[in-house]
Amino acid sequence: QVQLVESGGGLVQAGGSLRLSCAASGSIFRTNTMGWYRQALGKQRDLVARITNGGSTNYADSVKGRFTISRDNVKNTVILQMNDLKPEDTAVYYCHLLQNYFNYWGQGTQVTVSS
């Protein structure tokens, strides 16, 4: 019913920037929340940022001031602009969609930040 396709992951040096994109397709409701979670080695999957269809955002404290989440409701696409990346940002980043009490996940994209 729903597919989330991520792109933009890769390797970047500390202090650099990376832009992640996630396009949702299928049966997408107008009212939904999209966001990004990440899971580093040895850690649980945690929220990075999320945004509602109305534009309300939430960020993890660790990324505030560095990351910016945005979306295009026509394209059903969510963007995560990551600036001033740090080695501790290294993780698999997962696109997430919540609609009608159902959670959908992308396949994950690796982000590696070298020192």
Side-chain angles (χ1 to χ4, degrees):
Q1 294 288 341
V2 174
Q3 186 177 22
L4 304 176
V5 180
E6 301 142 319
S7 63
L11 175 65
V12 65
Q13 290 184 311
S17 297
L18 210 58
R19 186 174 185 265
L20 303 183
S21 178
C22 174
S25 62
S27 184
I28 310 301
F29 298 169
R30 288 182 176 85
T31 301
N32 64 62
T33 298
M34 297 186 71
W36 293 90
Y37 289 70
R38 67 186 182 187
Q39 186 169 21
L41 279 176
K43 295 186 176 181
Q44 66 181 17
R45 188 175 300 185
D46 292 324
L47 173 71
V48 178
R50 59 188 173 198
I51 183 169
T52 69
N53 57 281
S56 297
T57 60
N58 293 99
Y59 294 91
D61 288 341
S62 59
V63 307
K64 286 181 179 177
R66 299 189 297 120
F67 292 9
T68 302
I69 191 167
S70 61
R71 65 184 292 162
D72 184 327
N73 291 336
V74 176
K75 297 179 179 180
N76 288 320
T77 299
V78 62
I79 302 295
L80 185 67
Q81 178 66 46
M82 304 184 293
N83 297 324
D84 191 26
L85 283 161
K86 303 176 180 181
E88 50 263 42
D89 295 318
T90 295
V92 177
Y93 284 68
Y94 296 91
C95 182
H96 172 255
L97 168 68
L98 173 63
Q99 65 176 17
N100 197 30
Y101 303 102
F102 283 88
N103 293 283
Y104 302 89
W105 296 93
Q107 78 284 354
T109 184
Q110 178 70 46
V111 171
T112 302
V113 183
S114 63
S115 60

Visitor: What pairs of residues pass the side-chain hydrogen bond (donor to acceptor under 3.5 Å, both in side chains) test when at least one of them lies in residues 77-87, not counting sequence neighbours?
Guide: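 side-chain hydrogen bond (donor to acceptor under 3.5 Å, both in side chains) check on residues 77-87 returns S17-N83, Q81-N83.
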
Visitor: I'd like to check the side chain to side chain contact (heavy atoms under 4.5 Å, CB included) partners of V92; sequence neighbours left out, ordered by chain and number.
Guide: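 Listed in chain order: Y94, Q110.
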
Visitor: Among pairs that include at least one residue of residues 41-94, which meet disulfide (SG to SG under 2.5 Å), considering only residues two or more places apart or in two chains?
Guide: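 As it turns out, there is no disulfide (SG to SG under 2.5 Å) pair with a partner in residues 41-94 once direct neighbours are skipped.
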
Visitor: Residues in salt bridge (charged side-chain N to carboxylate O under 4.0 Å, His left out) with K64, at least two apart?
Guide: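 Scan of K64 (salt bridge (charged side-chain N to carboxylate O under 4.0 Å, His left out), adjacent residues dropped) gives D61.
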
Visitor: Is the number of heavy atoms from other residues, nucleotides or ligands within 6.0 Å of CD (Q1) greater than 12?
Guide: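 At most 12 heavy atoms, drawn from other residues, nucleotides or ligands, come within 6.0 Å of this atom.
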
Visitor: Supply the members, apart from V48, of the Ile/Leu/Val/Met/Phe/Trp/Tyr cluster built from side-chain contacts under 4.5 Å; use none for a lone residue.
Guide: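 V2, L4, V12, L18, L20, I28, M34, W36, I51, Y59, V63, F67, I69, V78, L80, M82, L85, Y93, L97, F102, Y104, V111, V113, all in the cluster of V48.
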
Visitor: The criterion is side chain to side chain donor-acceptor pair (under 3.5 Å); which residues satisfy it with N73, sequence neighbours excluded?
Guide: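 Per chain and number, N73 pairs via side chain to side chain donor-acceptor pair (under 3.5 Å) with R71.
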
Visitor: Quick one: which residue pairs count as a disulfide (SG to SG under 2.5 Å) with a foot in residues 8-102, not counting sequence neighbours?
Guide: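 Applying disulfide (SG to SG under 2.5 Å) to every pair that reaches into residues 8-102, excluding sequence neighbours, yields C22-C95.
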
Visitor: What residues form a side chain to side chain contact (heavy atoms under 4.5 Å, CB included) with S70, not counting sequence neighbours?
Guide: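 By the side chain to side chain contact (heavy atoms under 4.5 Å, CB included) rule, S70 matches I79.
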
Visitor: List for me each residue that meets side chain to side chain contact (heavy atoms under 4.5 Å, CB included) alongside S62, sequence neighbours excluded, and say none if there are none.
Guide: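 Side chain to side chain contact (heavy atoms under 4.5 Å, CB included) check on S62 returns R38, A60.
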
Visitor: P87 and S115: which non-hydrogen atoms are nearest, and at how many Å?
Guide: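 Closest pair (atom of P87, atom of S115, distance): CG-CB, 4.1 Å.
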
Visitor: Does Q107 have any side chain to side chain contact (heavy atoms under 4.5 Å, CB included) partners at least two apart in sequence or in another chain, and if so, which?
Guide: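 Once residues adjacent in sequence are excluded, the partners of Q107 under the side chain to side chain contact (heavy atoms under 4.5 Å, CB included) criterion are E6.
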
Visitor: Not counting sequence neighbours, which residues clear salt bridge (charged side-chain N to carboxylate O under 4.0 Å, His left out) with R66? List them please.
Guide: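 Here the qualifying residues are D89.
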
Visitor: Could you tell me if the side chain of H96 sits less than 4.5 Å from the side chain of N103, heavy atoms only?
Guide: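 Yes, their side chains come closer than 4.5 Å.
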
Visitor: The test is side-chain contact (heavy atoms from CB on, under 4.5 Å); show your working for Q44 and Y37 and say whether it passes.
Guide: CA-CA 10 Å; Q44 66 181 17; Y37 289 70; over 6 Å; no

Visitor: State the CG-CZ distance between N32 and R50, to the nearest 0.5 angstrom.
Guide: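 Reported value, rounded in 0.5 Å steps: 13.0 Å.
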
Visitor: Taking salt bridge (Lys or Arg N to Asp or Glu O under 4.0 Å) as the cut-off, I'd like each qualifying pair that reaches into residues 106-115, sequence neighbours left out, listed once.
Guide: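 Listed by first then second residue: nothing to list.
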
